[in-house]
Amino acid sequence: MPTAAAIARFQVQVLHPSPFFKPSTLFSKFPRSSLPIPSTLKRSNTRFRRLSSLTPPLCSSSSHSSSAGGSLESHSSSESGGSIVGDLLDYLNESWTQFHATAEAKRQLLAAGFHLLNENDEWDLKPGGRYFFTRNMSSLVAFAIGEKYSNGNGFHIIAAHTDSPCLKLKPNSASSKSGYLMVNVQTYGSGLWHTWFDRDLSVAGRVIVRADNGCFLHKLVKIKRPILRVPTLAIHLDRTVNKDGFKPNLETHLIPLLAKKVDNASAETKDKINMSSSKDAHHQQLLQILSDELACNIDDIISIELNVCDTQPSCLGGVNNEFIFSGRLDNLASSFCALRALVDSCASPKDLSDERAIRMVALFDNEEVGSDSYQGAGAPTMFEAMRRITDCLDLHYVRESSFARAIRCSFLVSADMAHRVHPNFMDKHEEHHRPELQKGLVIKHNANQRYATSGVTAFLFKEVAKMNNLPTQEFVVRNDMGCGSTIGPILASGVGIRTVDCGIAQLSMHSVREICGKEDVDFAYKHFRAFYQTFSSIDRKLNVDK
């Protein structure tokens with residue numbers, strides 16, 4: 001049973017919730033039957049979520065936005081050695097799509113006192129300041145400037161990505177077969193598509209809505225209840241599937257069911273619901289669900305960009321709760337650990353008082369499909385931001401090529417999930433490089449530069465871990481197997497920045513449900529935070545080209 005003190009704290013938080021209060025974090029500490037959630041809290045939290053999902057109309061002029069809010073309450077636990085796993089689960093459950101992941105990161109940064117910038121505006125930056133901007137609401141760059149920064153000093157960056165393999169609705173998604181309303185989808189990335197069959201699925205993403213004043217609003221939407229399903233074929237109709245393997249045709253077999261056609265209805269209703277004319281690119285029933293969620297008329301929905309998502313929540317698993325079971329661990333686990341490490345490394349003014357560098361997080365979209373997009377790592381987003389930052393801070397100086405010198409002093413951590421050795425397929429790993437769960441971050445090496453790690457960058461990153469008593473592991477792919485890649489080589493070669501590739505070890509990568517170790521999340525967070533806090537002192541001790 002909860003203690004009297006715990007109940008008292010609970011009552012205070014329920015009666016006077018802060019705008020950053022997360023009910024899921026609090027109620028997870030109590031049995032579901034012991035303390036019911038008051039309806040007032042449900043209403044206030046829902047209202048806040050709806051408000052936070054809105055962005056300014058496209059026709060409005062851009063303006064500087066900022067928040068002077070203090071650090072999140074949960075920061076105190078991480079700073080005192082507590083776990084961030086509960087907060088990661090909240091982040092995963094909020095972040096069904098790359099848009100939601102970016103919006104939630106934005107919310108947390110504003111709550112921590114970071115100032116929102118706009119790429120279209122002129123920036124006014126100062127040493128000791130903390131800032132961020134978003135692009136396409138699917139990528140984000142945040143940074144904190146050391147108070148002892150001087151022109152030519154470097155950037156210490158952790159980069160990750162917000163996207164994951166998934167199914168996306170086609171521009172004309174409405175179709176029907178054998179009395180069913182179907183939703184046409186396209187595959188995004190290299191997913192394990194057989195894992196999407198027989199799952200309780202729904203949709204989430206962004207919608208462009210026409211406002212009453214004629215402007216257009218960008219809104220995020222998430223339908224939490226299952227409305228879609230891709231059924232497998234009964235074994236009686238495919239007797240060889242267990243012997244020959246499940247080999248679905250991704251165009252004809254991977255089409256989710258939405259509803260049964262309406263038979264007993266008026267001719268007008270049938271025309272509205274069952275017919276998919278050239279004007280109706282999406283089923284009216286789907287649009288009705290979206291309009292109900294967004295509190296708008298169907299006719300006001302101008303454009304949709306939706307992912308198909310698994311509705312099963314992220315959770316702890318294993319007999320000792322040592323695992324995290326979730327979709328999108330690749331790569332939201334890295335994104336959250338990097339974001340949280342940046343926020344916590346400069347939570348108080350004194351944290352930046354002796355810092356000479358600029359601490360940065362860059363979260364990109366479209367990594368799973370090659371990064372060649374407006375919001376991907378292949379675009380110059382991060383480097384343009386770095387140049388603007390150096391130019392802004394060097395406003396009162398006339399010095400030789402501050403940006404070029406800053407790049408030479410900079411260091412990038414490319415954080416993406418790593419392959420943990422599979423106990424049933426151990427021969428798929430190189431014998432002496434088999435990452436394990438709960439053994440720390442995995443540093444990735446590849447002689448053919450599929451990863452950007454070098455001997456120098458690996459040493460520096462491991463030295464951060466050594467100084468803070470954190471474990472690390474190393475990974476090399478077998479010579480007789482192909483090797484994946486990350487945004488590391490893309491960014492490293494963009495302007496020539498020192499880079500190390502690393503990641504949290506996981507199983508079931510690119511499945512609809514993935515697995516990683518609970519302790520590894522905390523190891524990653526602590527390693528990233530230590531990188532921000534100690535890298536400047538470590539880097540000064542190493543001379544390579546001098």
Side-chain angles (χ1 to χ4, degrees), residues 62-66 68 109 112-135 139-159 338 341-343 345-364 377 379-413 457 460 490-499 531-546:
S62 59
S63 60
H64 294 283
S65 300
S66 64
L109 288 167
F114 280 67
H115 296 273
L116 176 61
L117 302 172
N118 189 308
E119 287 190 282
N120 298 332
D121 297 336
E122 186 175 352
W123 293 356
D124 181 18
L125 310 178
K126 295 178 175 60
R130 298 172 295 166
Y131 310 90
F132 76 99
F133 66 88
T134 66
R135 176 178 286 192
S139 63
L140 177 148
V141 175
F143 55 96
I145 305 170
E147 291 189 11
K148 292 187 178 179
Y149 170 87
S150 62
N151 62 323
N153 287 4
F155 291 76
H156 300 160
I157 310 165
I158 303 176
L342 175 66
V343 169
S345 73
C346 54
S348 66
K350 67 178 182 179
D351 291 332
L352 296 172
S353 58
D354 292 325
E355 180 60 82
R356 293 176 169 80
I358 297 172
R359 302 171 183 176
M360 178 178 282
V361 160
L363 307 180
F364 297 102
T381 311
M382 186 181 80
F383 298 119
E384 286 179 351
M386 294 167 68
R387 184 181 293 276
R388 290 186 68 174
I389 293 168
T390 55
D391 289 348
C392 186
L393 295 174
D394 292 348
L395 193 61
H396 303 295
Y397 299 91
V398 180
R399 300 287 180 88
E400 181 268 331
S401 191
S402 296
F403 176 69
R405 290 186 290 117
I407 290 294
R408 300 288 81 75
C409 298
S410 297
F411 192 94
L412 171 71
V413 177
T457 61
L460 289 169
I490 297 172
L491 295 173
S493 61
V495 290
I497 184 172
R498 296 176 298 169
T499 303
F531 165 72
Y532 285 129
Q533 294 172 332
T534 63
F535 186 79
S536 291
S537 61
I538 295 173
D539 194 32
R540 285 197 295 268
K541 299 177 182 179
L542 177 66
N543 294 326
V544 176
D545 294 311
K546 295 181 181 180

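From Phe155, atom CZ reaches atom CG of Leu412 across 12.5 Å, with rounding to the nearest 0.5 Å. Here the CG-OG distance, from Asp394 to Ser401, works out to 10.0 Å after rounding to the nearest 0.5 Å. Atom CE of Met360 is separated from atom OH of Tyr532 by 9.0 Å, given to the nearest 0.5 angstrom. Atom CZ of Phe133 and atom CG of Asp121 lie 12.0 Å apart (nearest 0.5 Å). The CG atom of Asn153 lies 11.0 Å from the OG1 atom of Thr390; values are rounded to the nearest 0.5 Å. Separating the CG atom in Leu116 from the CZ atom in Phe132 is a distance of 4.5 Å, to the nearest 0.5 Å.
For the residue pair Met382 and Ala362, the shortest heavy atom distance occurs at SD-CB, 3.8 Å. Between Thr499 and Ile497, the shortest heavy-atom contact is OG1-O, 2.9 Å. Between Arg135 and Ala379 the shortest heavy-atom distance is NH1-CB, 4.3 Å. Taking each heavy atom of Ser353 and Lys350 in turn, the nearest pair found is OG-O, 2.7 Å. Closest of all the heavy-atom pairs between Ala338 and Val361 is O-CG2, 3.4 Å. Pairing each heavy atom of Phe114 with each of Cys346, the nearest pair is CZ-SG, 3.9 Å.
Using a 4.5 Å cut-off on side-chain heavy atoms (C-beta onward), Leu342 and Ile158 make no contact. The side-chain heavy atoms of Ile145 and Leu352, taken from C-beta on, include no pair separated by under 4.5 Å. Side-chain contact between Val343 and Arg130 is absent, with no heavy atoms from C-beta onward closer than 4.5 Å. In this structure, the side chains of Tyr131 and Trp123 stay at 4.5 Å or more apart for every pair of heavy atoms. Side-chain contact between Ser348 and Asp351 is present, with heavy atoms from C-beta onward closer than 4.5 Å. Side-chain contact between Leu491 and Ile157 is absent, with no heavy atoms from C-beta onward closer than 4.5 Å.
Without hydrogens or angle criteria, Arg408 side chain to Gly496 main chain gives a donor-acceptor distance under 3.5 Å. Judged purely by atom type and a 3.5 angstrom limit, Ser345 has no side-chain atom pairing as donor or acceptor with the backbone of Gln533.
For the pair Arg498 and Phe411, the cation-pi test (distance below 6.0 Å, angle within 45°) is failed.
For the residue pair Arg356 / Ser536, no side-chain donor-acceptor distance below 3.5 Å is found, with atom types taken as modelled.
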Met386 vs Ser410, side chain to side chain contact (heavy atoms under 4.5 Å, CB included): CA-CA, chis, key distance, verdict: CA-CA 10 Å; Met386 294 167 68; Ser410 297; 4.1 Å; yes

Derivation and outcome, side chain to side chain contact (heavy atoms under 4.5 Å, CB included), residues Leu460 and Asp539: CA-CA 7 Å; Leu460 289 169; Asp539 194 32; 4.0 Å; yes

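Below 30°, between 30° and 60°, or above 60°: for Phe535 and His156 the angle between ring planes is above 60°, a perpendicular geometry.
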